[in-house]
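Each remark here refers to the structure printed beneath this line.
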Amino acid sequence: MKVYLDYAATGPIKAEVLTEMMPYLTTDYGNPSSMHEWGRAARIAVDESRIKIAKFLNADPAEIIFTSGGTESDNLAIKGMVNSVILNEVKNLDPSAKPQDDKFHVITSQIEHHAILNSCKTLEKSGVEVTYLKPNTDGIIEVDAVKAAIKENTVLVSIMYVNNEIGSVNPIRAIGKMIEKENDARELKILFHTDAVQAAEYQNMDVDYLHVDLLTISGHKIGAPKGVGVLFVKKGVNIMPMMHGGEQEFGRRAGTENVASIVAIGKAVEELRNEKLEIRNEIKNIRDYFIGRILKEIPETELNGGKEFRSPNNVNVYFKYVEGESILMNLDLVGIAASSGSACTSLSLQPSHVIMAVYSDAERAHGSIRFTLGQNSTKEEIDYTIENLKEIIAKLRKISPLSPKEYK
Ligand SMILES: *Cc1c(COP(=O)(O)O)cnc(C)c1O
């Protein structure tokens with residue numbers, strides 16, 4: 001049996017999506033900027049996809065920018081927005097306005113994806129001050145923590161919607177509303193970005209409801225191909241492009257459009273709109289069955305992250321006394337794909353920055369495994385996984401120098 005439980009890493013292209021994008025890889029190969037029939041067909045396809053994305057997010061088509069994926073959208077949101085503020089400030093330089101050491105300030109969290117964390121680190125090198133908020137014990141970034149971090153020179157808050165490792169769901173709407181209130185009361189101009197890559201499939205994605213100014217989604221996490229993403233940029237928000245060239249994407253992202261993949265991501269969100277609620281409950285039931293059986297049938301295991309505000313597809317468990325990498329290799333031998341949520345380099349095992357941020361426990365970070373369900377996951381697959389996990393954990397604990405006597 002083959003069991004894929006790594007949907008947060010990526011998933012298959014949905015059949016309907018592949019069918020929809022196929023003509024643009026074969027017969028309808030025009031460049032959307034061209035002034036002929038082929039070009040017009042491609043232009044229409046891109047425009048139609050933009051309308052579908054806008055509908056999905058309750059936005060205006062002019063607020064949708066297609067990118068090469070979640071990583072580019074995150075980079076463009078963070079660096080493009082902050083650089084635009086800095087540039088504007090330099091242009092309007094009024095010597096009396098700001099003292100030299102008054103840097104711009106950005107607020108994010110310690111549990112963000114590296115696309116956000118490393119974009120923020122880059123900003124720090126050019127003098128921008130960044131606050132990395134610590135999550136609570138459930139792995140959630142609390143509204144009050146964001147509020148307390150706001151300063152007079154804060155220009156951007158970026159908090160992810162759903163964490164990709166432990167599935168914690170952050171209170172994006174409450175944070176968005178709080179920021180609006182602070183902006184009004186204190187005459188600030190803080191913008192709010194959310195990385196919603198892991199949220200798109202199961203959460204409310206209405207940008208109006210969420211009170212966000214910038215929002216990221218990625219194609220390959222929702223049934224479209226790898227290498228395509230979206231950045232929602234609210235009307236009136238300026239961002240500095242990272243790609244300079246032609247006038248594509250309203251001058252905000254140059255380069256010939258990835259027409260087939262743009263068509264695909266539009267179709268993927270259209271499918272999501274139709275399916276969301278039923279699928280959500282089905283997957284949540286399988287998730288709870290899975291978590292319940294692991295915690296009950298394998299001793300000394302703990303769930304990472306809370307149960308209440310948790311993505312319906314995420315199971316992340318700490319297995320005491322064993323190394324996550326050994327569990328993964330053994331699972332792989334019996335055809336089960338999961339993830340350790342820790343980036344493993346050849347020289348050092350980097351423990352998961354997310355589990356470290358929540359639990360400050362390196363042993364826990366090294367002994368944790370993430371299973372993420374998809375729309376094709378079944379209870380039979382979970383049964384197969386549990387049976388194998390029980391054997392693997394018992395075997396590894398037998399040989400682990402960390403285990404107490406009863407496991408030997
Ligand atoms: C996968 C992922 C990304 C990166 O998206 P790509 O399209 O793979 O570049 C960013 N943020 C989160 C939360 C993700 O899970």
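Counting starts at 1 for both ligands and their atoms, in listed order. One is the number of the first residue; the rest follow in order along the sequence.
Both tests hold for Arg173 against Tyr209: distance to the six-membered ring centre under 6.0 Å, angle to the ring axis within 45°.
Note: Tyr407 and Tyr321 meet the aromatic proximity criterion, with ring centroids under 6.0 Å apart.
For the residue pair Thr108/Ser158, the side-chain donor-acceptor check at 3.5 Å is not satisfied.
Side chain of Arg50 to backbone of Ile64: a donor-acceptor contact under 3.5 angstrom is found.
Contacts of ligand 1 (protein heavy-atom distance under 4.0 Å) are Gly69, Gly70, Thr71, Asp74, His113, Met160, Asn164, Asp195, Val197, Gln198, Ser218, His220, Lys221.
Atoms CZ and CG, on Phe192 and Leu210 in that order, are 8.0 Å from each other to the nearest 0.5 Å. Interatomic distance, Leu389 CG to Asn330 CG, rounded to the nearest 0.5 Å: 10.0 Å.
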